[in-house]
Number of protein chains: 2
Amino acid sequence: MVDYLTNWKAQIRRGYLELCILMLIQKYERIYGFDLLEKLKEIDLEMKEGTLYPLLNRMTTDKVLKAVWETENVKGHPRKFYSLTKEGIKLLHEMKNEYIRMNDIFEKIAK
Amino acid sequence: MVDYLTNWKAQIRRGYLELCILMLIQKYERIYGFDLLEKLKEIDLEMKEGTLYPLLNRMTTDKVLKAVWETENVKGHPRKFYSLTKEGIKLLHEMKNEYIRMNDIFEKIAK
DNA sequence: GTAATATACCTAGCGGTGCTATGTATATTG
DNA sequence: CAATATACATAGCACCGCTAGGTATATTAC
């Protein structure tokens, strides 16, 4: 068993990571997983491969994202590019609203 | 299976609820579960009994909270009052720091 | 007097996700 | 040709929010 704080940090990331990923994909319009991992590291939001790839696959299955393999003009391993579906854009909008609502409550309690 | 957004809302509440509960207990110094449920409702952060009570018990077991039964001067069912332990105060401090760090990242992506 | 309501706490079990650990494949560099 | 960098994938564990029930005491309604 890991310590209390470490476990809590894993819990609070639930849902939050998904929100951040969707916002980043919207920002870049289209991006592949490995690149996303680097962008996440740059903004101090490190994420494990074993967390990101299953998340991206799940969101694709659920039609929140659409995925396109890119093999041409690419040296090395082929890349899978993700972008938001129309449904994903709508979902992200509602998720952001809920996040902001929750943060407002946090700040109301904190002050 | 519930819809995507409903499930996501349950996920993003993980850890966040624990943080809010600890902040509220600190604010009121000592409070019992049922009262906490009402205070949560007042600030539009409704929580189910089946979520709150196991959470309070877990945090008590983990020495984050201390619990005291109060039977005197109380009509009806006895009440269990909770307050933060020294360890709980320290933990809450670190949890708030992490939450704020995460919210900063959210805002950096959002703008 | 007893049925209904309000107050107050509790628990078994389900479902979903972040992480660990490991695996696969291609191209470049030493 | 071994090592490294790039790139994606998955099985399984641990944990927590919620559902759906339950117990117990005191007051109010009829």
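Per chain, numbering begins at 1; letters A, B, ... match sequence-line order.
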Exercise for the section: Please determine if D35(A) and K39(A) form a salt bridge, counting it only when a charged side-chain N lies under 4.0 Å from a carboxylate O. Expected result: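 Salt bridge between D35(A) and K39(A), a charged N being under 4.0 Å from a carboxylate O: yes.
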
Handout entry: E98(B)/R101(B) salt bridge by N-O under 4.0 Å criterion
Key =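 Answer for the salt bridge query: yes.
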
Rounded to the nearest Å, what distance is computed from the [atom1] atom of residue [X] to the [atom2] atom of nucleotide [N]?
| X | N | atom1 | atom2 | result |
| --- | --- | --- | --- | --- |
| K48(B) | dT11(C) | NZ | C1' | 17 Å |
| I12(A) | dC15(D) | CD1 | C1' | 14 Å |
| L52(A) | dT20(C) | CG | P | 14 Å |
| L19(A) | dG18(C) | CG | P | 12 Å |
| M47(B) | dC10(C) | CE | P | 14 Å |
| L37(A) | dA7(D) | CG | P | 10 Å |
| K41(B) | dA8(C) | NZ | P | 13 Å |
| H77(A) | dA9(D) | NE2 | P | 8 Å |

Classify [X] by what it touches in the nucleic acid, base, sugar-phosphate, or nothing, heavy-atom distance under 4.0 Å.
| X | answer |
| --- | --- |
| G50(B) | base |
| W8(A) | nothing |
| D35(B) | nothing |

Practice task
May I ask you to verify whether the side chain of R14(A) and the base of dC16(D) hold a donor-acceptor pair under 3.5 Å?
Solution key: no

Handout entry: Distance-only donor-acceptor test, E49(A) side-chain atoms vs dC8(D) base atoms, 3.5 Å
Key = yes

Problem - DNA chain D: 5'-proximal contact among Q11(A) and F34(A) (nearest heavy atom) - result: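 That would be F34(A).
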
Would you say [X] places a side-chain N or O within less than 4.0 Å of OP1 or OP2 belonging to [N]?
| X | N | value |
| --- | --- | --- |
| R79(B) | dT25(D) | no |
| Y53(A) | dC8(D) | yes |
| N57(A) | dC8(D) | no |
| N7(B) | dG17(D) | no |
| K9(A) | dG18(C) | no |

Practice task
Answer yes or no: is there a donor N or O on one side and an acceptor on the other, between the side chain of Y82(B) and the main chain of L56(B), under 3.5 Å?
Solution key: no

Problem - Backbone N/O of K66(A) and side chain of T60(A): donor-acceptor pair under 3.5 Å - result: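 Here the side-chain-to-backbone pair does not exist.
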
Practice task
Tell me yes or no: between the side chains of Y99(B) and N103(A), is some donor less than 3.5 Å from an acceptor?
Solution key: yes

